[in-house]
Enquirer: 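Have a look at this one.
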Amino acid sequence: MSGEEAPDGEDGSGVVRRDRFSGGPARSFLSSLSADERIFAADLEVDRAHVLMLAEQGILADDTAGKILTALDAIEVDGHDSLPDGEDVHEAIETAVIEQIGPEGGKMHTARSRNDEVATCIRYRLREDVLEAVETTLALRESLLEVADEGRETIMPGYTHLQPAQPTTVAHWALSYEGAVRRDTKRLLDAYGRINESPLGGAAFAGTTFDVDRERTAELLGFERVIENSMDASSSRDFLLETTQVLSTHATTLSGLAEDLVIFANRGFVDLADDYSSTSSIMPQKKNPDTLELVRAVAGDAAGGVQGLTTTLKGLPRAYNRDLQRATTHAWETVDAVAEASEVAAGAVATADWNADVLAAEAGEGFSTATGVADLLAANGLPFRTAHEMVASAAENGGDYDALEAAASNVLGEPLESFVDPAAVEDALDPAASVASRDSRGGPAPEAVADQLEDAREALAADEATHAATDEALEHAHAALREEVNAYV
């Protein structure tokens with residue numbers, strides 16, 4: 001986002017780079033001012049906290065601090081588009097302050113580098129973006145839990161390798177994704193904890209000779225702690241990489257969910273709401289799952305963001321390098337795309353209609369209850385491998401009761417009734433009975449699903465509380481900073 005530290009100017013001309021570096025054909029290539037609009041508000045807050053700390057430490061006179069803080073308020077009202085030309089938003093804001101109040105405005109940069117300044121601004125803004133992403137995962141989990149609650153006894157086919165495997169329920173399917181998204185939520189919250197550390201006061205990388213209070217600026221900006229080593233504070237971007245990786249993981253979860261729904265819609269298992277579909281420009285009978293196809297594609301974009309950021313950061317020496325100006329864009333683009341995809345997925349899940357009759361008819365296709373029959377035979381004394389062989393033989397001949405009887409005679413040399421009650425076999429062949437029998441922990445039986453739903457709701461409530469408390473802490477810090485500023489302006 002910004003370049004490394006240069007000597008302060010006090011005359012308002014070429015505030016940061018000075019006349020020697022004020023022109024040339026590479027100026028536009030070096031500039032990040034347009035892209036920095038995203039951290040415009042963050043930079044103003046970081047400036048305010050820094051100026052307040054300087055005044056409290058006696059490094060800056062109170063009246064000078066008041067003038068600078070008043071100028072920052074005016075700049076905020078005018079907006080990013082009103083900033084003078086500059087290499088980045090940090091230089092442009094400082095220049096604007098100097099234009100308003102004169103050379104004294106240059107004192108706002110005392111005991112600070114643009115290196116620690118930009119690192120702080122990125123973390124400040126990224127906290128908000130990650131919390132918004134967390135909120136979309138919570139909404140998606142809520143949608144999945146609603147589907148699960150309604151679909152406890154809605155039998156559906158389950159697949160491996162896209163082949164009919166075993167019958168299950170819509171609830172069991174939905175909870176499988178809720179568990180994955182729950183882990184994505186946890187990963188985002190964990191990443192947030194490492195974002196929420198203040199680099200401010202690290203200066204260019206070697207600290208400062210001024211008696212700054214780094215804990216105070218961290219407090220004013222709502223950071224949980226200070227990054228101790230000043231070189232680490234100003235130059236590290238591992239928090240960006242971690243966040244982008246976590247978002248990529250969530251995008252991969254979303255892609256799997258989207259793929260399932262696309263396939264289910266194709267097979268008539270589910271009807272997607274019109275708001276999450278589209279029609280063909282030439283074929284009016286078509287109803288296409290376009291939004292979910294785009295959700296699926298975001299996983300590729302996110303993986304590209306991880307690769308781009310990793311490549312940018314790979315092999316960078318300490319402390320600051322201008323390559324870092326190109327690093328942050330990967331994180332911004334990824335968090336925007338993945339949060340939007342997560343929100344769309346939540347809406348698509350919440351508004352979809354499941355076709356219970358079609359699902360029930362398909363649940364027993366492909367002899368999907370074969371494993372249950374083999375389990376039944378094994379429970380009645382047959383070695384599982386022998387039972388497996390017998391049931392596989394029956395599958396080749398239709399997979400019904402008659403096929404099982406014939407297989408028993410061929411494989412076992414005895415009637416099927418010699419090993420198992422015929423009524424129990426009939427139950428094992430029935431998809432609903434098969435599902436009901438799978439009541440082990442985490443299984444699809446309604447009582448097992450009820451336990452999973454209870455656990456999932458408790459986890460969702462806990463994560464919602466954590467999100468709300470974290471968001472409230474940021475709001476409190478923002479309000480407290482504003483109150484401190486008001487004492488000077």
Side-chain angles (χ1 to χ4, degrees), residues 1-6 8-19 21-52 54-55 60 63-110 112-129 200 220-221 325-326 328-329 332-333 336 478-479 481-489:
M1 290 266 166
S2 66
E4 62 183 323
E5 176 66 2
D8 293 340
E10 291 279 337
D11 59 0
S13 64
V15 172
V16 177
R17 291 295 187 189
R18 300 184 297 174
D19 291 340
F21 300 103
S22 62
R27 288 304 98 192
S28 61
F29 182 69
L30 285 169
S31 177
S32 65
L33 181 57
S34 177
D36 286 349
E37 183 173 2
R38 190 177 189 114
I39 59 169
F40 171 68
D43 190 87
L44 291 170
E45 291 291 84
V46 171
D47 287 342
R48 288 170 176 134
H50 184 69
V51 169
L52 283 170
L54 292 178
L60 194 62
D63 61 338
T64 302
K67 292 177 185 177
I68 294 171
L69 292 170
T70 301
L72 290 172
D73 281 354
I75 291 166
E76 182 175 36
V77 171
D78 292 340
H80 178 271
D81 290 343
S82 70
L83 290 175
D85 289 338
E87 198 169 276
D88 54 39
V89 69
H90 322 294
E91 177 186 0
I93 288 175
E94 185 178 344
T95 299
V97 169
I98 292 171
E99 287 177 351
Q100 287 194 37
I101 68 172
E104 275 192 317
K107 293 183 178 181
M108 67 183 285
H109 204 58
T110 305
R112 186 177 67 175
S113 162
R114 283 192 296 168
N115 296 353
D116 63 330
E117 181 181 1
V118 68
T120 309
C121 293
I122 293 169
R123 287 172 180 268
Y124 189 96
R125 174 56 197 264
L126 188 60
R127 293 184 309 187
E128 299 175 6
D129 291 330
L200 199 59
L220 289 168
L221 294 170
Q325 180 171 304
R326 309 286 297 190
T328 318
T329 303
W332 297 147
E333 291 177 351
D336 287 348
H478 179 74
L481 176 58
R482 185 69 251 175
E483 186 177 347
E484 296 285 354
V485 168
N486 288 343
Y488 285 84
V489 299

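Every value quoted in this text rests on a predicted model; they were computed, and no experiment measured them. Computed from heavy atoms alone, side chains included, the values below leave out hydrogens, waters and symmetry copies.
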Enquirer: Between Arg112 and Asp116, is there a side-chain N and carboxylate O pair less than 4.0 Å apart?
Expert: no
Enquirer: Which atoms form the tightest heavy-atom contact between Met108 and His50, and what is the distance?
Expert: O-CD2, 3.2 Å
Enquirer: Considering all heavy atoms of both residues, which atom of Leu83 and which atom of Ala96 are nearest to each other, and what is their separation?
Expert: CD2-CB, 4.4 Å
Enquirer: Between CD of Glu45 and CZ of Arg482, what distance do you get to the nearest 0.5 Å?
Expert: 7.5 Å
Enquirer: Got a second to check how far Trp332's CH2 is from Ile122's CD1, nearest 0.5 Å?
Expert: 6.0 Å
Enquirer: Using modelled atom types only, decide if a donor and an acceptor are shared between the side chain of Arg125 and the backbone of Arg38 within a distance under 3.5 Å.
Expert: yes
Enquirer: For residues 64-71, dump all side-chain donor-acceptor pairs below 3.5 Å to protein atoms at least two apart in sequence or in another chain.
Expert:
residue: Thr64; atom: OG1; partner: Glu104; partner atom: OE2; Å: 3.1
residue: Lys67; atom: NZ; partner: Glu104; partner atom: OE1; Å: 3.2
residue: Thr70; atom: OG1; partner: Gly66; partner atom: O; Å: 2.8

Enquirer: Which residues pass the ring pair (Phe, Tyr, Trp, His ring centres under 6.0 Å) test with Tyr488, not counting sequence neighbours?
Expert: none
Enquirer: Can you give me the closest heavy-atom contact between Ala42 and Cys121, atom names plus distance?
Expert: CB-O, 3.7 Å
Enquirer: Out of Ile93, Thr120, Val118, Ile39, which one pairs with Val46 under the side-chain contact (heavy atoms from CB on, under 4.5 Å) rule?
Expert: Thr120
Enquirer: Kindly compute the distance separating CG (Asp81) from CZ (Phe40), expressed to the nearest 0.5 Å.
Expert: 9.0 Å
Enquirer: Can you name the residues that form a salt bridge (charged side-chain N to carboxylate O under 4.0 Å, His left out) with Asp78, not counting sequence neighbours?
Expert: none
Enquirer: When rounded to the nearest 0.5 angstrom, what distance separates CD in Glu333 from OG1 in Thr328?
Expert: 11.0 Å
Enquirer: Pick one: which of His80, Glu117, Glu37, Glu94 meets side-chain contact (heavy atoms from CB on, under 4.5 Å) with Val89?
Expert: His80
Enquirer: So, taking the atom named CG in Leu72 and the one named CD in Glu76, what distance separates them when rounded to the nearest 0.5 Å?
Expert: 9.0 Å
Enquirer: Can you find a pair of side-chain heavy atoms, one from Thr95 and one from Glu99, that are under 4.5 Å apart?
Expert: yes
Enquirer: Nearest heavy-atom pair of Ile98 and Gly105: which atoms, and what distance?
Expert: CG1-C, 3.7 Å
Enquirer: Looking at Tyr124 and His478, what are the two nearest heavy atoms and their distance?
Expert: OH-ND1, 4.0 Å
